[in-house]
Amino acid sequence: MDYNFNEVEKKWQEYWRDNNVYKVDIDNNKPKFYILDMFPYPSGAGLHVGHPLGYIASDIYARYKRLKGFNVLHPMGYDAYGLPAEQYAIETGTHPAITTEKNINRYREQMDKIGFCYDWDREVRTSDPRYYKWTQWTFIQLFNSYYCNVSKKAQSIADLVKRFEAQGTEGLDAACGKPMQFTAEQWKAMSEKEQQEVMMNYRLAYLADTMVNWCPQLGTVLANDEVADGLSVRGGFPVVRKTMKQWLLRITAYAERLLEGLETIEWSESIKEVQRNWIGKSMGASLFFDIADKDINIEVFTTRADTLFGATFMVLAPEHEIISSITTDEQRAAVEEYVSWAKNRSERERMAEVKKVSGVFTGAYGINPFTGAKIPIWVADYVLMGYGTGAIMAVPAHDSRDFAFARHFELPIIQVVAKPGEEPTDASQWEESFDAKEGVMVNSDFLNGLSVKEAIATMIQKVEEKGIGKGKTNYRLRDAIFSRQRYWGEPFPIYYKDGMPYALDESKLPLELPSIDAYKPTETGEPPLARAKNWTTEEGYPLETNTMPGFAGSSGYYLRYMDPQNDNEFISKEANNYWQQVDLYIGGAEHGTGHLIYSRFWNKFLFDIGVACKDEPFQKMINQGMIQGRTNFVYRVNFEKMAEYKTWEVIKDNKLGVKFVKDFKVGHRKFDFFCQEKNIIIEIKKVSSLEKVADAYENIAKELGCKILLIPIRQVLVDEDFTDVKQKIQDLIDGKDVPAYEEVEMLEAPRLYVSKNVPGREYYGDPIRVDINMVHNDVLDTEQFKQWRFDLNDSKFIFEQDKDGNPIYVCGWEVEKMSKSKFNVQNPDDLVEKYGADTLRLYEMFLGPLEQSKPWDTQGIEGVYRFIRKFWRLYTDENNEFCFSDEPATKEELKSLHKLIKKEEDDIERISFNTVVSAFMICVNELTDLKCNKREILEPLTIMISPYAPHLAEELWHQLGHNDSVVTQKYPEFVESYVVENNFTYPVSINGKKRFDLELPITLSPAEIEKIAVATPEAIKWIADKSIKKVIVVPKKIINIVVG
RNA sequence: GCGGAUGUGGCGUAAUUGGUAGCCGCGUCAGACUUAGGAUCUGAUGCCGAGAGGCGUGGGGGUUCGAGUCCCUUCAUCCGCACCA
């Protein structure tokens, strides 16, 4: 009998649980290591094979670090608040806590089956009052803090009040909503409400009117990262822009620190870049433009102060508050109409119409501060209120959007930057704007002749001197909207007195989520919490009815794992000083602009107030790739695309020696393919319409002096290799006379065939990626499609025609994200059932580099399963009886083992788990060949495989006669002397090409090696009559003989 | 449009500093044991070629004794951001 994984895995999972093997406590005698997975949102679908990929990797790393003598913190918990459970509650009336609990239990069961080494005593759930007490506590600290730009950290709002009392805003440099100036006397004269309003301008958690993403279907606002393509990420409902009073976190105060911090952490360059883009720092200048005949000015932000002389008009965002006060009476009606049109457009419409130019003139003029020229002020929605000041100076010559706008509304265009050595030209005649990042200033008075870089600096200096502007750094990052009009989230520890919000006393925490009768908004549109009875403080003040967003609970959870049972503090100093920060964080890259930036902000704030001892939460991060599913499809072949594809293939691969351009435009006409050099047009046309268009095209060809070839799309069916077309194109290039087109008759349906092991060939002769319409969006009814989907798993082939006998449906598959709606979800439970957890663990690692996305393909799992059994057989004899030898190990056996020790150490450190699995296979193959069953080899081998296949290892460890757990053992010591060789087999190259091997003692000098090498019969044969020019000898690497 | 990646056999991949391209596994083929094989074991397997040998890391060019690796250029695919002034 073979290895019985079912029995063994169950046995050790129980043993580990009953013996608290994974429990971890502070141990000052050991170095610590904190390795963390992104905790999951427990959805109803349970885990799929993509989830455990990161968990398995971190589990292996954690177990390895433990063997290496570290005290490893490796916890797990649940991001338990979230929309799906609440949507379900609205539909069914089931309390989200019940749904969540059920899902958590399922997740836990699935995770336990895979044999993770989490210390479950440290589990956290964001919806647990004992946990969210500290989320609320952190919120109160944010509410009671402001950000001092001088000390560059958060400080107590009480200090700010003291300052106001002493000196007002004199000398204050703090992050705030809008600039404020008042004296101590004025402060003291304010009413409490007024003072509270002033403080609100500085608090790090503040309430303000703000433009939000409002999702009517979900009945809540959403953060920018919760919206994609104008739709909500959860649910896919439309989102509109709307001004509402919301809680916000002043994350912008930390923009610079968030940016700088990226330099200190070991994250992938791509995710750092995502964050840099999100923060969007740009250095430029803010300039004030006076308005003609008015006593007001407009502030604009520009990164290109140098182009000021080229500013020929100004543009305001439709939401800009100054619009109504500057618009002239003649223009008022038009402006108001435009503004209301622009405001009422959905985000989706706006995005779809980015290329369309729209705008309206206000009738007002700004004054160019240097030339004194009057420049018209327009309103247009290509300027966004959310960025900079919501107003720009437009320099059409050097900005494509300004250029398009100027063209459309016939506004003047002045060139101010020229390529070095080139004279300025009449910009009003240009076809497109000149993106002048480098060049020389022209038409710009005192800037003329300067480079762009010099001109920017000079201009900023000049502007500052004149007092009409100043150098300024601008960030794209917006403050994070922190309230949601939902039920299933943390209640705010806030009550209202006299209309102003106040924080609850910390002793009142946690403020527990009340139970309510239904989970939807009230009839009057209040958030669900307004349904709660007695939702007031003891004194009767009303409590906040908004709840916190999903990222509230996940922003500081890694800290809580350090001290999860502590009800008196967020974390004890002792725990924090010991565990410090997360050493290795593993999770998906999709949280780049959400959780990962909020967490960094949250942690920096906690660092400022002395709760966290490190400025950054996650020192090193690995983003595991997504495991994609294989989805089988039925396709309808799009012959037009196929013809285009084949034609392109012919042009590309046939190496015709001339260059064809795709989608080439001549004037307003667009051609499929165009070769300028030879004046050849190739067009792809439907057979039925070919005759009609042929004449038209011949005229065009004549007009342009071109030759034309029309390819009937049915050509692809009768001429699979496109030989005919190849010939015609070649003839055209050679200047031969070729008829513009030939009618192709289709006599019978094309023969389709399946080559089972050539993906892509399944649906047509050549591996063509035809543009294909997924059938369920198209003609076929869903039932039939579904049936096919399942039939397709065995590459069963289907060939159909529709009612008119026209389109042809074939099958194939594609790699997609795994999702229930795509019928392609692979569930780990089934695989554990069939192959065991250890096989699943090894296979997920063996699939390829952790960070790479890869399609899930179960075919290869057999190989890993075979390996596991082969590994088992090393320890057993033909009768499956354990059988070990106490003989000393041979040199070969030790060499094999120690090669593996080194490889595993090196590769685990660089998170290359797939190569470690491969190294195990090599070692086991070698030991099997050596028929090795020595304890001296097998004991260390058992320890070494335990991070990967813990159940198997634990069983074998006990079979080897031990009574303790393999988890608590020491990783074997690498001994170099076992792997060093006396000889090295040199590859000998002649002119860089390897020709033969030569085994030589490693003690030889390069000169000796050269002497021997050139004298070998093999070398002599290759040198033949040529002479040796040079011999390169790299010791223990290569010998290269250069002959000539 | 901007930014980040990635291109190696039929497939997943390996090659850590420029030094034997294709390790390991899947698949395939052949053989052994078998009543049987979707079990197990053995061998072969980049392509072309009977062989000698030639060609091969998306394409083109360069540096080098030597390039998957470095440089230039080009093509393709994936991901992120996107009227960001």
Side-chain angles (χ1 to χ4, degrees), chain A residues 2 228 268-274 276-278 280 282 284 300-304 307 315 317 350-351 353-357 380-384 386-395 398-402 404-405 435 474-476 589-590 592-593 625-626 652-653 655 659 755-761 767 769 815 843 846-849 851-864 866-867 869 903 906-907 909-910 912 914-915 917-922 925 985-997 1029-1032 1034 1036-1044:
Chain A
D2 253 353
S268 74
E269 204 40 53
S270 67
I271 203 153
K272 283 188 186 179
E273 204 54 38
V274 164
R276 283 190 199 109
N277 285 342
W278 194 256
S282 62
V300 304
F301 174 76
T302 179
T303 54
R304 294 297 301 273
T307 60
V315 186
R350 194 174 156 140
M351 282 177 187
E353 292 169 12
V354 157
K355 290 282 178 291
K356 283 193 187 163
V357 177
D381 67 353
Y382 83 89
V383 172
L384 305 177
Y387 184 76
T389 61
I392 62 158
M393 63 171 203
V395 184
H398 306 296
D399 180 284
S400 59
R401 296 150 302 164
D402 295 346
F405 195 81
D435 184 10
N474 198 43
Y475 297 92
R476 199 187 74 110
E590 67 273 16
T593 55
M626 208 157 12
K652 240 174 38 184
D653 291 354
K655 289 169 191 152
K659 199 175 170 177
S755 167
K756 200 176 156 202
N757 298 304
V758 187
R761 290 197 173 223
R769 285 187 61 87
V815 169
Y843 185 57
F846 189 59
L847 227 40
E851 302 204 63
Q852 204 169 292
S853 284
K854 49 227 153 187
W856 178 255
D857 168 21
T858 38
Q859 288 199 325
I861 203 167
E862 291 284 348
V864 174
R866 267 178 221 144
F867 162 74
R869 281 177 294 173
K903 179 81 179 158
D906 290 354
D907 287 2
E909 286 304 340
R910 60 186 185 104
S912 174
N914 53 327
T915 52
V917 178
S918 155
F920 269 114
M921 289 176 174
I922 294 168
N925 287 345
T985 306
Y986 280 93
V988 184
S989 301
I990 311 294
N991 287 346
K993 184 85 195 164
K994 189 215 158 182
R995 293 301 176 186
F996 62 96
D997 287 323
K1029 284 194 168 160
K1030 198 174 181 183
V1031 179
I1032 285 136
V1034 184
K1036 288 172 82 176
K1037 279 271 162 67
I1038 198 169
I1039 301 167
N1040 189 15
I1041 302 170
V1042 186
V1043 298

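Because only heavy atoms are used, hydrogens play no part in the values below, and waters and symmetry mates are left out as well, while side chains stay in. Bear in mind that the values here come from a model prediction, so they are computed numbers and not experimental data. Residue numbers start from 1 in every chain, and the chains themselves are labelled A, B, ... in the order their sequence lines are given, proteins ahead of strands.
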To the nearest angstrom, how far is A/E273 atom CD from B/G80 atom P?
15 Å
Sequence neighbours excluded, which residues qualify as salt bridge (charged side-chain N to carboxylate O under 4.0 Å, His left out) partners of A/D381?
A/R345
Could you check how far OH of A/Y843 sits from P of B/G25, rounded to whole Å?
14 Å
Classify the glycosidic conformation of B/G9 as syn or anti, calling it syn when the angle lies within 90° of 0.
syn
Of all residues at least two apart in sequence or in a different chain, which pass the side-chain hydrogen bond (donor to acceptor under 3.5 Å, both in side chains) check with A/E862?
A/Y835
What is the pairing partner of B/U63, taking Watson-Crick or G-U wobble pairs with both distances under 3.5 Å in any strand?
none
Quick one: list whatever passes salt bridge (charged side-chain N to carboxylate O under 4.0 Å, His left out) with A/E590, sequence neighbours left out.
none
Between B/C71 and B/C55, how far is it from one P atom to the other, in whole Å?
26 Å
Among all residues two or more places apart in sequence or in another chain, which pass the ring pair (Phe, Tyr, Trp, His ring centres under 6.0 Å) test with A/F920?
A/Y948
Would you mind reading off the distance between A/K994 atom NZ and B/G22 atom P, rounded to a whole angstrom?
8 Å
Test item: A/R304 and A/V395 side chains (from C-beta on) under 4.5 Å apart, heavy atoms
no
Restricting to ring pair (Phe, Tyr, Trp, His ring centres under 6.0 Å), what partner residues turn up for A/Y843, sequence neighbours left out?
A/W856
For A/K903, enumerate each residue passing the salt bridge (charged side-chain N to carboxylate O under 4.0 Å, His left out) test, keeping only those at least two apart in sequence or located in another chain.
A/D907
Using atom names, set out every protein N or O paired with an N or O of nucleotides 62-69 of chain B below 3.5 Å, distance rounded to 0.1 Å.
unit_1	atom_1	unit_2	atom_2	d
B/C65	O2'	A/N1040	ND2	3.2
B/C65	O2	A/N1040	ND2	2.7

Under the ring pair (Phe, Tyr, Trp, His ring centres under 6.0 Å) rule, collect the residues that match up with A/Y382, sequence neighbours excluded.
A/F405
Would you measure the distance from the P atom in B/C47 across to the matching atom in B/U28 and give it in whole Å?
16 Å
Nearest-nucleotide wise, let me know which of A/Y475 and A/I1039 is further upstream toward the 5' end of RNA chain B.
A/I1039
Tabulate atom names and distances for all N/O pairs under 3.5 angstrom spanning the protein and nucleotides 36-39 of chain B.
none

Could you check whether any side-chain heavy atom of A/P849 comes within less than 4.5 Å of a side-chain heavy atom of A/N914, counting everything from C-beta outward?
yes
Taking any strand in view, what nucleotide pairs with B/G31 in a Watson-Crick or G-U wobble way, both distances under 3.5 Å?
B/C41
